[in-house]
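Proteins get letters first, then strands, A, B, ... in listed order; numbering begins at 1 in each.
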Protein chains: 2
Amino acid sequence: MADHRSTTRVLDILELIARNQDEKMSLANISKRLQAPKSSLYPILQTMVARGYLNYDENSYVYSIGSLCYEIGSRYLDNGALSQHIDQVLEHITSQCQETSHFAELNGNEVFYLNKKDSPQSIRMFSSPGKRLMAYSTALGKSLLSDKSDEELAELYPNGLYAVTEHTITSMDVLKKQLEEVRRTGFSYEVEESNHYIRCIAVPIRVNGRVRYAISVAVPVFRYTQEKEEQIRNLLQEAKESLEQKCVLPR
Amino acid sequence: MADHRSTTRVLDILELIARNQDEKMSLANISKRLQAPKSSLYPILQTMVARGYLNYDENSYVYSIGSLCYEIGSRYLDNGALSQHIDQVLEHITSQCQETSHFAELNGNEVFYLNKKDSPQSIRMFSSPGKRLMAYSTALGKSLLSDKSDEELAELYPNGLYAVTEHTITSMDVLKKQLEEVRRTGFSYEVEESNHYIRCIAVPIRVNGRVRYAISVAVPVFRYTQEKEEQIRNLLQEAKESLEQKCVLPR
DNA sequence: TTCTCCTGTTCGTAATTACGAACAACATTA
DNA sequence: TAATGTTGTTCGTAATTACGAACAGGAGAA
């Protein structure tokens, strides 16, 4: 593993500030949190502010993420014809079933949320673009993992599966059986395994034959009925076919 | 101006790769483009890939923007209650008038695009989140500049206004008169000044009394009518009032 | 094959950065 | 008022990084 100290520092600063937006991020605090001397971080922060990657409020002594991070980050999705259509697809799904829809990819062993469309009757579920969750605990993740061999799964989770909620799958064998079901039926399910009171249904999206993305709909348990499940499966199936048709390009 | 070399390098790399997605970005090419030795960039790139800020395709020798950039960048908008509502507002506008709507802020002397909702009958206009345009050449920019004093304007454009298209305003006096109109009427307009065949209407959004954001609708000239202009003004006015009510928080 | 052109990788020394301590400026607390 | 706790800033030396050259491996052309 490479470790170029200066580079590591720049990236550590970005992550620290981005992931702790509630905390007052002063130079002194960043220094404490990263266990690095103020005098070392000082010129780095100066440069990052001058370049627009960070903002600095002189009154409150707070560093925050700057617009250049947004500009750079936006380019992550520009590849692939898919991202041009995904907004409309999510919107259609959510407008039809009135529940929150998500679009995600696999990142290591985690689900990486790329986009979402909030339900109008939204029970503000804790999810947003850029968020990560252990794949095996979500419907999206099960769709994204459905492609993997037993060996690949073992490599992704060398220490086994830990429980996120009391309903999370913790047995690799159970997971494998569920993934087999996903391959057979085309749908993955989640019953309060990552969020209390939330159930999810998802489908894998294939690009050039390999699973690359997944779409899901999240439903609060008290609104979950057989009719709704049926409706959502149809919407997801429709979305899957539409997207897979539009995009045969590799990333 | 601070210049911490290592930090500068990291940021240069991100910008180079993000802004030249069509070009094959190999180590050798990055070295050439940044005029920095391969051996210096090598450990930096290694670290950035290891941390997920860049992806590297060993077959094509291409570095690209990684998911962590997306994660970090996504946090730029989390501040402020506004961003939670802006999606719905743009969607409402576009669904009513069937034209593309934009949300932006001022960044130096440039318009910085934060969000958009594409028209269903979209004449794919070249615009996307993270893009920048000279403020004086766009309706969004004129709304965002409407707050500025003559002195501030002079500071923002010390070298005057250059023409983006043949319709771009290049006289500071004309710009000032138009900004006066924006203050009086509440709307700003653009007639093919930044994009050929595109006209725009925009409104400023105030947070705590100061102009902070703007919303616009872009219309191809051949679909532009007085009735449509009237409709769009009403939609924008409605959106403005809705957003300003919901958000009195400073950034 | 052989040559060329592309890629990434390694190494020893010169130049740059990192460190800790000391300082200054301001706000809050005693 | 004085004491304490913030904050950012500066400096000289030790440790790290940057540099250019040389090398290695693969692709394609002569």
Side-chain angles (χ1 to χ4, degrees), chain A residues 1-66 68 79 250-251, chain B residues 1-66 68 79 250-251:
Chain A
M1 178 108 170
D3 82 308
H4 191 264
R5 182 155 61 176
S6 323
T7 303
T8 301
R9 290 258 161 92
V10 173
L11 306 184
D12 283 344
I13 289 169
L14 286 173
E15 278 171 53
L16 181 71
I17 294 176
R19 292 176 176 167
N20 299 278
Q21 298 215 312
D22 304 329
E23 208 172 318
K24 295 279 179 206
M25 281 303 170
S26 63
L27 166 56
N29 191 23
I30 293 169
S31 163
K32 192 176 68 187
R33 293 291 304 271
L34 295 182
Q35 309 225 57
K38 284 191 296 178
S39 54
S40 302
L41 301 175
Y42 179 64
I44 301 176
L45 289 170
Q46 293 271 333
T47 305
M48 292 174 79
V49 169
R51 293 283 295 263
Y53 285 81
L54 294 179
N55 294 326
Y56 181 57
D57 180 1
E58 301 187 354
N59 300 316
S60 59
Y61 307 115
V62 165
Y63 291 88
S64 57
I65 296 298
L68 248 100
N79 335 356
R251 149 149 311 181
Chain B
M1 179 106 171
D3 82 307
H4 191 265
R5 183 156 60 179
S6 324
T7 303
T8 301
R9 290 257 162 93
V10 173
L11 306 184
D12 283 344
I13 290 169
L14 287 173
E15 277 170 56
L16 181 71
I17 295 176
R19 291 176 177 167
N20 299 278
Q21 297 214 310
D22 304 328
E23 208 172 319
K24 295 279 178 206
M25 283 302 169
S26 62
L27 166 57
N29 192 23
I30 294 169
S31 164
K32 192 175 67 185
R33 294 290 304 270
L34 295 183
Q35 309 223 60
K38 284 190 298 178
S39 53
S40 302
L41 300 176
Y42 179 63
I44 301 176
L45 289 170
Q46 292 272 329
T47 305
M48 293 175 79
V49 169
R51 293 283 295 262
Y53 285 81
L54 294 179
N55 294 326
Y56 181 57
D57 180 1
E58 300 187 355
N59 300 316
S60 59
Y61 307 115
V62 165
Y63 291 88
S64 57
I65 296 298
L68 248 99
N79 334 356
R251 152 153 306 182

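Between Tyr63(B) atom OH and dT7(C) atom P there is a gap of 11 Å when expressed in whole angstrom units. Taking atom CD on Gln46(B) and atom P on dT10(C), their separation rounds to 8 Å, with Å as the unit. A straight line from CD1 of Ile30(A) to P of dT6(D) spans 16 Å, rounded to a whole angstrom. Per the geometry, CG belonging to Leu27(A) stands 4 Å off P belonging to dG8(D), to the nearest Å. One can place CG of Asn29(B) at 14 Å from C1' of dG8(C), the figure rounded to the nearest angstrom. Lys24(A) has its NZ atom 13 Å from the P atom of dT28(C), to the nearest Å. Note: OH (Tyr56(A)) to P (dT9(D)) measures 6 Å, nearest angstrom.
Using a 4.0 Å cut-off between a side-chain N of Lys or Arg and a carboxylate O of Asp or Glu, Asp12(A) and Arg51(B) qualify as a salt bridge.
In this structure, the helix from dT1(C)-dA30(D) to dA30(C)-dT1(D) shows an angle of 30° between the axis at its start and the axis at its end, each fitted on 5 base pairs and rounded to 10°.
Looking at heavy-atom distances under 4.0 Å, Tyr42(B) makes contact with a base.
Judged by distance alone, the side chain of Asn29(A) and the main-chain N or O of Lys24(A) form a donor-acceptor pair under 3.5 Å. Proximity of a side-chain donor or acceptor of Ser40(A) to a complementary backbone N or O of Ala36(A) within less than 3.5 Å is not detected.
With 3.5 Å as the limit, one finds a donor-acceptor pair spanning the side chains of Asp57(A) and Ser60(A). Ser6(B) and Ser6(A) form a side-chain donor-acceptor contact under 3.5 Å, judged by distance and modelled atom types alone.
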Practice task
Report the C-alpha distance between Gln46(B) and Asp3(A) in whole Å, list the side-chain angles of each, state the deciding distance to 0.1 Å, and finish with yes or no for side-chain contact (heavy atoms from CB on, under 4.5 Å).
Solution key: CA-CA 8 Å; Gln46(B) 292 272 329; Asp3(A) 82 308; over 6 Å; no
Exercise for the section: For side-chain contact (heavy atoms from CB on, under 4.5 Å), just list the numbers for Val10(B) and Tyr53(B), CA-CA rounded to whole Å, side-chain angles, deciding distance to a tenth of an Å, and then say yes or no. Expected result: CA-CA 10 Å; Val10(B) 173; Tyr53(B) 285 81; over 6 Å; no
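Nearer to the 5' terminus of DNA chain D, by closest-nucleotide assignment, is the contact made by Met25(A) (compared with the other of Tyr61(B) and Met25(A)).
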Completion exercise
Per-nucleotide protein contact along nucleotides 13-20 of chain C, 5' to 3', at a 4.0 Å heavy-atom cut-off (B base, S sugar-phosphate only, - neither), is ---SSSBB
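The distance from atom CD of Glu15(B) to atom OG1 of Thr8(B), rounded to the nearest 0.5 Å, is 10.0 Å. Atoms OH and CG, from Tyr56(B) and Leu45(B) in turn, are 9.5 Å apart once rounded to the nearest 0.5 Å.
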